[in-house]
Visitor: 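This is the structure I want to talk about, given as structure tokens.
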Amino acid sequence: MKYDFSAVEGKWQKRWEDAGIFNAADNSDKPKFYGLVEFPYPSGVGMHVGHIKAYSGIEVIGRKRRMEGYNVLFPIGFDAFGLPTETSAIKTGIHPRELTDRNINKFSSQLRRVGFAFDWNRVVDTTEEDYYKWTQYIFLKMFEKGLVFRNTALVNYCPTCKVVLSNEDSQGGKCDICKSDIVQKSKDVWYLRITEYADKLLEELDNLDYLPNIKLQQVNWIGKSRGAFVNFGISGVEDSLRVYTTRPDTLFGVTFMVVAPEHPMIDKYADKITNMDAVLAYREECSKKTEFERTQLVKDKTGVCLEGIKGVNPVTGKEIPIYIADYVMMGYGTGAIMAVPAHDERDYDFAKKFGIDIIEVIKGGDISKEAYAGDGEMVNSGFLDGFTNKKDSIAKMIEYLTEKGVGEGGVQYKMKDWAFNRQRYWGEPIPIVHCPECGIVPVPYEELPLRLPAVNEFAPGEGGESPLAKIDSFVNCKCPRCGGDAKRETDTMPQWAGSSWYFLRYIDPHNSKSLADMDKLKYWLPVDWYNGGMEHVTRHLIYSRFWHRFLYDIGEVPTKEPYAKRTAQGLILGPDGEKMSKSRGNVVDPNDVVDVYGADVLRVYILFMGDYGSAAPWSDNSVKGCKRFLDRVADLPSMVSKDAPAKLESSFHKTIKKVTSDIEEMKFNTAIAAMMGLLNEIGEAGALTAEQLETFLLLLCPFAPHLCEELWEQTGHSGFCSMAKWPEYDEAKTVDATVELAVQINGKVKGKITLPINSDKDAAIAAVKADEKLAALLEGKTIVKEIVVPNKIVNIVVR
RNA sequence: GCGGGUAUGGCGGAAUUGGCAGACGCGCAAGAUUUAGGAUCUUGUGUUAAUUCGUGCAGGUUCGACCCCUGUUACCCGCACCA
């Protein structure tokens, strides 16, 4: 029988909301469960099936937990500041505020249509004053603690978006938003000192239940390396050139040094360098290259020797040439390296091209052919000769350098400080005033929120300055410290700011005195389970852990870490197996599916299509299969009978057990498969008891809640199925009285025997010999070995 | 280049982690119902002449391997001249 899902689904969504059954209670004796999903960016195009998949996992888990008696917090909100809305505003002339409100309304109604069990009383919108007031508050706290600094630096700049991007936003040399090539530009930039938290973020990872690949990505992103700083002398002057190396023990093999094109020592010693023209020309050439060109053209090494000055090896006292080359980056280490061509591939290539000596200091390779990066005995290395263990030789050299005062051990991180400003309108204004007398002055806390001025012009200036710079009433202000004329900072925060703490605001979304009440934070934190996309594992997840840890350090939150557990869903690919995109025209709109099949079918299909963590292509036909499943479930009430066959009972207990554990492991596909299998068994049996139907509805409810509520009511229940008690199983009833064992002869399955459960070896062998067919196969053979795994298999080895 | 992952019927995917490969769904075929189509229901469906062969490919360990080991190929995802 088909049921009229459009009427049914709307009816139950309204009842849930009227009864407020999904609203979390702040004061409850029940155990708590805080399930979190990444809140969406409310774009104009509306929701994507990927959103549904991302939310469905925690949705099902949260619904199950609620039925198990937990006080569940499952909130939703909108990460609404950002470029796409601003771009759209510039195009259409509609204010970003107006567009954001429209988009949020659209998303909200779409989310409601799918029947997610969100607590709609706690919706957070990062662009509301009540919210960004606290984003600004956290920024000021960081400023106060010295974690905010300003620096002139070469930054990643997108010429199309006219905006400065963090390294995280410009991966691969492409703008994260518009995909055009990034150029390097010198700018004044606000930074957050995230590197100061690198170790803390790294250390706590051990105590967190994140998927292993997620942890690994974070570790790689932070990129901690141990090594040493070494100060090389510079010939003829009382100065040194500092380098970072992970292999200080190869110091005897250093035959040249390389500095990055932007390295300040070049300007410092401009009068000593005799070929300054060539050096400057090279530098000019490098600055024209995009980051992309510079990192992709790996093979061909270029560079210029600095004539007139030499480096002095602090261990050997030998003079060596210094080169400027773009394979050395200013942004990592000290921007200068000691080159050991015998044992570093890049240095090797460079030495070969420029005809520089190559000295072997580690035995084991053939340095006439290529660099040897492996381990081996140290040679040509003075006091290190004969060392065979890398750890020992490095420790010895660091000891030596420290003693001589020419270096020391140290660590480096690949992660860089977080470039924290954008020349944009639609973002949180940075609460800073520039005073000609006092310098950089923070806006006082009591003046927060520092509101975005209402304007009608959102396009950035040609010079790449923020649209806010054009608004005199905003820019001109009094200095909070001296009261004199001053100017406001006109840049805004990056998109990642608001999403770095939103999970805290859900706990107490309307608090006007603090970002959230401490007692409530203590009750709800940490987030028990956070699910989201793999694409946010290195950026958002690192940023928000950083902010949270900072708030912990200043006593604003009670836990070191925000998220106890983190998982990630796989992509939904288009029907063609390719990533969904407008340009490919393979995008599936969830609304179309809800229109035709209903929300329950959409939900069940998305979780049934494959392993939750893996990518899987969309298939319209498989959606129909889920539709059939639910239609058959809708027929179950007509099959209720007192004379249901007894054998169904153990199938029910098995299914309860399987669905219960599969949901916890996010194996939703096999949980649904188990229910389909049970339904097939019920179909064969032709009847089921009223209690069995009840159990079935409860198991299916987290996946297809509308249908289950409807049938729950139809079968005479009062109250909500969604609030009823999750079924329990009896372990004893999940096992059958008899089991079938496969019988192998020489490892090949030749037949089957049926035995009482837990029968021993003798019984199994006896049963095999009593089986006519199997006995015939053993006739005249010598039995070498008999292996019996109880309840599983018998294997008889014969000759 | 480095790191991680994946590879199973025509398709999406299962497999209690070393014990009957292919659960469940799609598709397909036959039948029922229908004026017909659609929808629905029933049965069948890895492959083979076979008691055969079969989890990307080549070996190995084991009574027994999709699972463990060695080598290899293809694809996917991260990072990428990180000193």
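Convention: sequence-line order gives letters A, B, ...; per-chain numbering from 1.
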Visitor: Give RNA chain B the dot-bracket treatment, 5' to 3': Watson-Crick (N1-N3 with N6-O4 or O6-N4) or G-U (N1-O2, O6-N3) under 3.5 Å, [ ] crossing, | other strand.
Guide: (((((((..(((......[....)))((((((.......))))))(......)..(((((..]....))))))))))))....
Visitor: Run the side-chain donor-acceptor check on residues 740-749 of chain A: report pairs under 3.5 Å with partners two or more places apart or on a different chain.
Guide:
unit_1, atom_1, unit_2, atom_2, d
A/N746, OD1, A/V798, N, 2.9

Visitor: Atom CD1 of A/I682 and atom P of B/C41: how far apart are they, to the nearest Å?
Guide: 15 Å
Visitor: Rounded to whole angstroms, how far apart are NZ on A/K748 and P on B/U52?
Guide: 7 Å
Visitor: Nearest nucleotide by nearest heavy atom, which residue falls closer to the 5' end of RNA chain B, A/N213 or A/Y612?
Guide: A/N213
Visitor: Please confirm whether the ring centroid of A/F354 lies under 6.0 Å from the ring centroid of A/Y323.
Guide: yes
Visitor: In terms of side-chain heavy atoms of A/V328, which of B/G12, B/A83, B/G3 is nearest?
Guide: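 Given the options B/G12, B/A83, B/G3, the side chain of A/V328 is closest to B/A83.
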Visitor: On RNA chain B, does the nearest nucleotide to A/I337 precede the nearest nucleotide to A/D611 from the 5' side, or the other way round? Give the residue.
Guide: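 Here A/D611 is the residue nearer the 5' end.
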Visitor: B/C76 P sits how many Å from A/E535 CD, rounded?
Guide: 18 Å
Visitor: Quick one: side chains of residues 664-687 of chain A, donor-acceptor pairs under 3.5 Å with protein atoms, not counting sequence neighbours, listed by atom name and distance.
Guide:
unit_1, atom_1, unit_2, atom_2, d
A/E664, OE1, A/R65, NH2, 2.5
A/E664, OE2, A/K64, NZ, 2.6
A/E664, OE2, A/R65, NH2, 3.4
A/T670, OG1, A/D662, OD2, 2.8
A/T670, OG1, A/K667, O, 3.1
A/N680, OD1, A/R632, NH1, 3.2
A/N680, OD1, A/R632, NH2, 3.0
A/E681, OE1, A/S651, OG, 2.6
A/E681, OE2, A/S651, OG, 3.4

Visitor: Measure the distance from CD1 on A/I572 to C1' on B/C76 and round it to the nearest whole Å.
Guide: 18 Å
Visitor: Check the distance between B/C11's C1' and A/D620's CG and give it to me in whole angstrom.
Guide: 14 Å
Visitor: Under 6.0 Å between ring centres, would you say that holds for A/Y605 and A/Y597?
Guide: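 Ring centroids of A/Y605 and A/Y597 are no less than 6.0 Å from each other.
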Visitor: Counting the atoms with a prime plus P, OP1 and OP2 as sugar-phosphate, which does A/N746 contact under 4.0 Å by heavy atoms, base, sugar-phosphate, or nothing?
Guide: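 Nothing, no heavy atom under 4.0 Å.
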Visitor: Using a 4.0 Å heavy-atom cut-off across all strands, classify A/A615 as base, sugar-phosphate, or nothing.
Guide: sugar-phosphate
Visitor: Nearest whole angstrom, please: distance from the C1' of B/C82 to the OH of A/Y413.
Guide: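 After rounding, the gap between these two atoms is 14 Å.
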Visitor: For B/G4, is chi within 90° of 0 (syn) or not (anti)?
Guide: anti
Visitor: What pairs of residues pass the side chain to side chain donor-acceptor pair (under 3.5 Å) test when at least one of them lies in residues 782-796 of chain A, not counting sequence neighbours?
Guide: A/N758-A/N791
Visitor: Nearest of B/A83, B/G3, B/C63 to any side-chain atom of A/V797?
Guide: B/C63
Visitor: How many whole angstroms separate atom CE of A/M338 from atom P of B/C81?
Guide: 20 Å
Visitor: How about A/W418 and A/Y191: are their ring centres within less than 6.0 Å of each other?
Guide: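 Distance test on ring centres: not under 6.0 Å, no.
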Visitor: What are the residues of residues 651-660 of chain A, sorted by number, that bring a heavy atom to within less than 4.0 Å of RNA chain B?
Guide: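 When residues 651-660 of chain A is checked for heavy atoms under 4.0 Å from RNA chain B, there are no hits whatsoever.
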Visitor: When you check every protein heavy atom under 4.0 Å of nucleotides 19-32 of chain B, what one-letter string (B, S, -) results, 5' to 3'?
Guide: BB--BBSSS-----
